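All remarks here apply to the structure that follows.
As the structure is a prediction and not an experimental result, all values here were calculated from the model. So you know, we letter chains A, B, ... as the sequences are listed, proteins then strands, and number each from 1.
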Amino acid sequence: MTGRIASFRANSREHAASITVAALSGGFGVFLLQITAMLSVYVNHQNVAQHDTAQAALAILTVVFTAIAMYVGAIVTTNTFATIIAGRRRSIALMRLIGATASTIRQSVANEGLIVGIIGALIGVVVGVALSLGVLAVLLRTSVIPSLHYPLVSFSIVAPIVVVVLSTWAASWIGSRRVITVTPLEAVGSAAEASVGDTRIHPVRNVVSAVSFFVGLALVGIGVAAGQSGVFGLPIAFIGGLLSFVGLTLGAQLFIPWALRGVGALFGRSAPAILAAQNAVRYPERSTRTTIGIVIGVTLITTLTVASQTFNSLIQSAQAAAPQVFAGSTTILNVIAEVFGGLIGFSVLVAAVGVVNNLSLSVVQRSRELGLLRAVGLSARQVRAMILIESAQMTLTATLIGLVLGFFYGWAGAQSLLGSIARKAAGNGFVPLTVPWLFIIIAIAVSFIFATGASIGPIRRAVRLSPVEALATE
Amino acid sequence: MPVSVDDEIFVARVDRLTKSYGAGSSEVTALRDVSIGIERARFTAIMGPSGSGKSTLMHIMAGLDSPTSGQVWLGGTDISRMNDAELTLLRRRRLGFVFQSFNLVPTLDVRGNIFLPFELDARRPTEQERVRVESLIDALGLAGRLAHRPHQLSGGQQQRVAIARAFATEPELIFADEPTGNLDSRTGREVLAILSAATAEAGRSVAMVTHDPIAASYADRILFLVDGEVVDEFPRSTPEQISQRMLTLERVP
């Protein structure tokens with residue numbers, strides 16, 4: 001155990017991101033559950049007729065939002081570990097050379113993951129509980145809620161703690177898969193630079209992904225068609241949407257590298273842009289994992305926004321025809337969409353940690369290449385531009401994919417729910433798509449702000465690099 | 001700016017160059033009052049045992065590192081007080097590099113690597129430059145490899161790509177740092193012959209850092225460095241003569 005902790009301490013810098021991710025998603029879950037527990041007391045006290053239903057709905061939503069954040073967190077952590085392993089190939093090879101088995105080494109990496117998960121979960125608990133108590137204090141002080149016997153610490157927070165530890169542990173295990181591909185020979189001599197790209201084929205995953213995507217898409221179609229006649233459209237379209245989106249997430253590696261390449265071309269043909277475009281797709285698996293978290297978040301938020309705005313404008317036009325029927329039904333939906341959007345936004349934050357981490361580790365791992373480029377005349381300015389473009393390429397690609405998907409899902413949702421109303425109101429069964437321009441502009445602006453913020457640290461590190469030292473590193 | 005007859009003979013030179021690292025009792029002097037010149041249109045080898053300061057000398061002459069004291073000239077330009085941005089432009093436009101290994105950008109194909117100095121300068125090569133680089137590519141036998149990535153090439157091919165890149169912009173001086181260190185002897189000799197021919201036939205200036213007497217035997221002029229000082233200079237010599245000199249250098253107490 002002492003050996004394990006010693007090795008962990010030596011690697012603590014590499015693990016900062018994974019600890020942050022575990023703390024963020026764990027703390028988020030703890031916070032939501034704490035708030036849910038407090039709300040339950042409040043709802044019970046109110047003696048609302050359907051308080052069981054309200055509590056169940058709260059519990060389900062808490063689980064869903066926490067699960068999204070933790071799933072994104074696990075992807076980020078898997079990626080971080082895979083990247084760390086890539087950077088440690090040489091020392092792993094040395095350990096193999098002196099007789100360690102691949103499985104022992106992988107086990108010890110997973111142990112690091114376990115410790116990372118525990119530390120992150122502990123931080124998450126403290127922060128999550130503290131924040132929830134802070135919120136409670138503010139609500140009590142301002143008399144928004146009556147003074148009742150609220151629990152200080154809910155028993156339920158054990159669940160996110162356990163899940164975040166286990167998921168971080170599992171992520172470190174999955175991420176360390178490449179340990180088994182390291183040969184002892186890599187320790188001797190200056191073995192050739194590892195070949196570019198990791199073109200692992202996942203036949204099973206690809207088939208599951210494709211089936212899930214196309215079946216889901218068909219269900220969305222059925223749901224939209226069913227929406228013309230009644231209310232069964234939405235649940236069918238919802239299941240279809242979920243299925244097709246899971247398919248897309250699983251098969252992300254099949255299309256995200258292409259999208260990155262395409263977006264990379266938008267940044268021009270200057271040397272920094274060309275180098276950045278190549279770097280972003282150098283390890284397709286890594287950049288896919290970095291991007292997908294943002295794609296998930298942006299897709300969900302866009303779906304909610306497009307659905308609620310489309311709903312609003314349809315209701316408004318229906319209201320014009322029959323004011324008394326639809327009075328008051330729009331505001332509550334807007335509030336729900338905003339609250340849900342904010343909660344999903346948290347998983348985008350977790351994904352952003354992944355972008356920062358991907359950039360910093362990739363700068364460290366290609367310091368030799370940066371040294372070479374500086375030697376042959378890449379200026380400090382060009383280094384800055386290159387890393388900023390790399391960052392923007394990832395966040396912008398993710399945002400654009402998320403916007404496109406979100407539009408489709410949002411429209412499909414509105415169409416399947418409101419098709420019959422649209423038929424009555426407008427004659428044809430098409431719900432007019434409302435384009436939330438402001439939202440699009442904000443989303444793209446935020447993606448650039450994220451990109452800039454994420455690149456600050458890595459840029460500083462890359463510019464500080466002395467070409468002579470970088471060229472001397474092994 | 002003192003323009004002397006030296007500038008016609010020497011493409012680069014250092015004057016009373018000293019380089020030390022650290023401070024106080026832990027100060028290490030890598031170069032001690034070195035004054036040498038690299039001759040134009042010639043192949044110069046800088047030899048010395050490990051730790052002799054030969055790499056530091058190259059790095060300073062190439063604008064990759066800064067001197068503690070003394071002056072460094074490239075042609076008529078004093079580069080010893082240049083800032084990072086100026087040195088970057090100098091390396092990009094006026095110098096070429098061939099390193100021992102990891103010479104190429106792994107994400108760029110052969111063509112991308114060779115034309116990198118132009119790309120970095122945000123300009124297209126002129127027609128004349130393009131024709132010249134294409135003939136260089138042919139001469140180095142890389143014509144069929146232009147779409148390959150570095151990891152698809154042998155070590156010798158990688159070095160030839162690096163040489164093509166280094167010569168692409170017709171720089172005033174090319175630095176080669178143990179260019180054959182990672183190659184088998186036959187491929188190494190090919191690379192040395194290319195560098196040697198570039199000076200003899202095309203009038204390029206090459207400065208090579210090496211500790212290999214066979215590599216140094218391809219040079220027109222050999223400078224010997226020991227403990228941060230230039231201790232000897234040879235004209236073109238046989239590997240045996242160079243080895244002999246190296247052995248006596250190593251034996252110096």
Residues in residues 108-135 of chain B near chain A [non-hydrogen atoms, under 4.5 Å]: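 Listed by number: B:L108, B:L116, B:E119, B:L120.
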
Are more than 12 heavy atoms from other residues, nucleotides or ligands located less than 6.0 Å from atom NE2 of B:H148?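 It does: B:H148 NE2 has more than 12 such atoms within range.
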
For A:L254, does the CG atom sit with more than 12 other heavy atoms under 6.0 Å from it, leaving out its own atoms?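 Above 12, so yes.
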
Should A:R88 and A:S176 be marked as a side-chain contact (heavy atoms from CB on, under 4.5 Å) after you check the CA-CA gap, both sets of side-chain angles, and the distance that decides it? CA-CA 11 Å; A:R88 286 193 202 162; A:S176 61; over 6 Å; no

What residues of residues 380-395 of chain A sit under 4.5 Å from chain B when only non-hydrogen atoms are counted?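 Only A:A380, A:Q382 of residues 380-395 of chain A have a heavy atom under 4.5 Å from chain B.
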
Under the side-chain hydrogen bond (donor to acceptor under 3.5 Å, both in side chains) test against A:R289, which residue among A:N79, A:T78, A:T77 passes?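 The single option meeting the side-chain hydrogen bond (donor to acceptor under 3.5 Å, both in side chains) with A:R289 is A:N79.
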
Check: [Y] and [X] side chains under 4.5 Å, non-hydrogen atoms:
X	Y	result
B:R93	B:T169	no
B:L136	B:F167	yes
B:R91	B:L87	yes
A:T80	A:I84	yes

When only pairs under 4.5 Å are counted, which of B:T88, B:D84, B:V105 shares the most heavy-atom pairs with chain A?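 Max contact count across the listed options: B:T88.
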
Candidate pair B:I174 and B:F43, rule side-chain contact (heavy atoms from CB on, under 4.5 Å), full reasoning: CA-CA 10 Å; B:I174 284 126; B:F43 188 4; over 6 Å; no

Please look at B:R165 and chain A and tell me whether the side chain, the backbone, both or neither of the residue comes under 4.5 angstrom of a heavy atom of that chain.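 When you check distances to chain A, only side chain atoms of B:R165 fall under 4.5 Å.
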
Closest contact, heavy atoms only, B:P213 versus B:M47: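 Result for this residue pair: N-CE, 3.9 Å.
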
